[in-house]
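This report refers to the structure that appears directly beneath it.
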There are 2 protein chains.
Amino acid sequence: MSGFRNDTGGELVECRHGDQQVELPYRVGDKWTAHVLRALQHGRRRFTEVRAEMPGVTAKVLTETLRAMERDGTVTRTEYDENPPRVEYELTGQGHKLLGLLDLCCDWARENLVET
Amino acid sequence: MSGFRNDTGGELVECRHGDQQVELPYRVGDKWTAHVLRALQHGRRRFTEVRAEMPGVTAKVLTETLRAMERDGTVTRTEYDENPPRVEYELTGQGHKLLGLLDLCCDWARENLVET
DNA sequence: CCGCATCCTTTAGGATACTG
DNA sequence: CAGTATCCTAAAGGATGCGG
């Protein structure tokens with residue numbers, strides 16, 4: 001169906017908007033997805049560079065996250081046939097829009113997460 | 001710190017917006033939270049009514065979700081001392097704002113989740 | 001009716017070691 | 001450098017039964 005539904009049967013969240021009913025990729029809630037969006041917000045980066053901006057993530061989990069986002073259509077993956085190997089990731093148009101949506105969430109948070 | 005951080009040490013997601021750095025409640029990614037927001041969008045509902053709009057959820061999990069949202073400040077819980085018992089839930093101001101944010105996510109989804 | 005207690009399954013995520 | 005391959009743990013979520 002949509003470019004966002006992954007082919008491994010990833011979970012989706014139904015969401016109603018007026019009469020429309022859409023599905024959001026549950027993956028946005030994945031632990032590292034938001035961090036990847038931020039790491040790539042200023043352009044193309046290679047694996048190590050992305051990882052450097054995300055303290056605490058292991059190679060395995062970061063790889064899984066990036067592959068999932070690639071399937072979702074939020075990043076592209078470019079592999080160069082060099083030695084030592086080089087792989088670069090970049091946000092797609094959708095990825096940038098998703099990042100913008102995340103910024104809205106930050107706006108919301110700053111307005112509502114007032115000190116108690 | 002904030003009214004959104006629960007007192008049981010729930011996980012948060014850091015998020016950068018410009019220079020600001022905020023934290024979002026990871027709980028928004030909980031499986032049923034979005035459904036609860038929709039179920040309560042038109043006003044106060046009792047436990048059974050909420051559950052009826054969420055096929056597949058068990059009482060235990062729904063209770064957990066609602067209690068967590070109560071701690072977060074997105075819903076209020078009103079218990080009536082009747083028999084049989086009656087409990088009603090309602091969105092708070094923050095809850096409505098969060099629902100509005102979810103609507104933005106739906107807008108984004110409808111714009112971007114084009115058929116492939 | 002509402003929801004707690006108990007037990008169980010699934011899975012995201014992490015630790016570690018190894019490879020082209 | 002950019003990953004696999006294993007193994008493991010914690011925690012979310014589900015099934016079922018009981019109780020005020």
Side-chain angles (χ1 to χ4, degrees), chain A residues 6-14 24-37 39-40 44-72 75-90, chain B residues 5-14 24-36 39-40 44-72 75-90:
Chain A
N6 70 3
D7 32 23
T8 57
E11 188 112 13
L12 296 177
V13 170
E14 294 161 28
L24 299 175
Y26 193 64
R27 172 162 314 111
V28 178
D30 280 2
K31 184 167 181 180
W32 298 104
T33 303
H35 297 268
V36 170
L37 291 174
L40 294 179
R44 175 179 281 251
R45 294 285 184 275
R46 47 195 302 180
F47 186 83
T48 316
E49 295 170 330
V50 174
R51 191 176 175 190
E53 296 204 26
M54 298 163 61
V57 75
T58 63
K60 177 204 166 214
V61 173
L62 180 54
T63 301
E64 287 169 357
T65 304
L66 286 167
R67 292 293 158 87
M69 292 177 74
E70 187 188 5
R71 283 198 302 274
D72 289 346
V75 303
T76 57
R77 177 178 184 277
T78 314
E79 189 172 353
Y80 297 86
D81 197 7
E82 303 173 356
N83 201 309
R86 180 163 61 105
V87 177
E88 293 185 347
Y89 294 91
E90 188 174 19
Chain B
R5 168 175 291 161
N6 69 5
D7 31 24
T8 59
E11 187 114 12
L12 295 178
V13 170
E14 294 161 29
L24 299 176
Y26 193 64
R27 172 162 311 110
V28 178
D30 279 3
K31 186 169 182 180
W32 298 104
T33 303
H35 297 268
V36 170
L40 294 179
R44 178 179 280 250
R45 294 285 183 276
R46 48 194 303 182
F47 185 83
T48 316
E49 295 171 330
V50 174
R51 191 176 175 190
E53 296 205 26
M54 299 164 61
V57 75
T58 63
K60 177 204 167 216
V61 173
L62 180 54
T63 301
E64 287 169 357
T65 303
L66 286 166
R67 292 295 157 86
M69 294 176 74
E70 187 188 5
R71 284 198 300 275
D72 289 344
V75 303
T76 57
R77 178 179 184 276
T78 314
E79 189 172 354
Y80 298 87
D81 197 7
E82 303 173 358
N83 201 308
R86 178 163 61 104
V87 178
E88 292 186 349
Y89 294 91
E90 188 174 17

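Per chain, numbering begins at 1; letters A, B, ... match sequence-line order. What you see is a predicted model, and the numbers here were worked out from it, not measured in a lab.
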- Using a 4.5 Å cut-off on heavy atoms from C-beta on, say whether the side chain of A:Leu37 contacts that of A:Met69. yes

Polar atoms only, N or O, under 3.5 Å: list the protein pairs with nucleotides 14-17 of chain D and their distances.
from: D:dG14; atom 1: OP1; to: B:Lys31; atom 2: NZ; distance (Å): 2.8
from: D:dG14; atom 1: OP2; to: B:Trp32; atom 2: NE1; distance (Å): 3.3
from: D:dG14; atom 1: N7; to: B:Lys60; atom 2: NZ; distance (Å): 3.1
from: D:dG14; atom 1: O6; to: B:Lys60; atom 2: NZ; distance (Å): 2.4

- Query: When rounded to the nearest 0.5 angstrom, what distance separates CG in A:Leu40 from CD in A:Glu53?
  - Reply: 8.5 Å

- Query: Hey, what do you get for OG1 (A:Thr78) to CD (A:Glu90), rounding to the nearest 0.5 Å?
  - Reply: 7.0 Å

- D:dA2 C1' sits how many Å from A:Tyr89 OH, rounded? 8 Å

- Item | Interatomic distance, B:Glu49 CD vs C:dG3 P [rounded to whole Å] | 13 Å

- Whole-Å gap separating P (C:dA12) and CG (A:Leu62): 16 Å

- Task: Rounded off to whole Å, could you give me the CZ-to-C1' distance for the A:Arg86 and C:dG20 pair?
- Result: 18 Å

- Task: Between D:dG13, C:dG13, C:dG3, spot the one nearest the side chain of A:Asp30, thanks.
- Result: C:dG13

- Are A:Arg46 and D:dA2 close enough that a side-chain N or O sits under 4.0 Å from OP1 or OP2? yes

- Can you tell me how far CZ of A:Arg44 sits from CD of A:Glu88, rounded to the nearest 0.5 angstrom? 5.0 Å

- Query: Whole-Å distance between D:dG3 P and A:Leu66 CG?
  - Reply: 8 Å

- Rounded to the nearest angstrom, tell me the gap between atom CZ in B:Arg45 and atom C1' in C:dC1. 18 Å

- Note on the structure: Winner on side-chain proximity to A:Thr48, out of D:dA2, D:dT4, C:dG3, is D:dA2

- Message: Using whole Å, what does the distance between atom P of nucleotide C:dG3 and atom CD of B:Glu82 come to?
- Response: 13 Å

- Query: Does D:dG3 have OP1 or OP2 sitting under 4.0 Å from an N or O in the side chain of A:Arg77?
  - Reply: yes

- Task: Using atom CG of A:Asn83 as one end and atom P of D:dA2 as the other, report the distance to the nearest whole Å.
- Result: 12 Å

- Among the nucleotides D:dG3, C:dC4, D:dC1, whichever has the atom closest to the side chain of B:Arg67 is C:dC4

- Item | Phosphate contact (C:dG3 OP1 or OP2) by B:Arg51 side-chain N/O below 4.0 Å | no

- Note on the structure: Smallest heavy-atom separation, B:His35 atom then B:Lys31 atom, equals CD2-O, 3.5 Å

- Quick one: pull up CG in A:Leu66 and CG in A:Asp72 and give me the separation to the nearest 0.5 Å. 11.5 Å

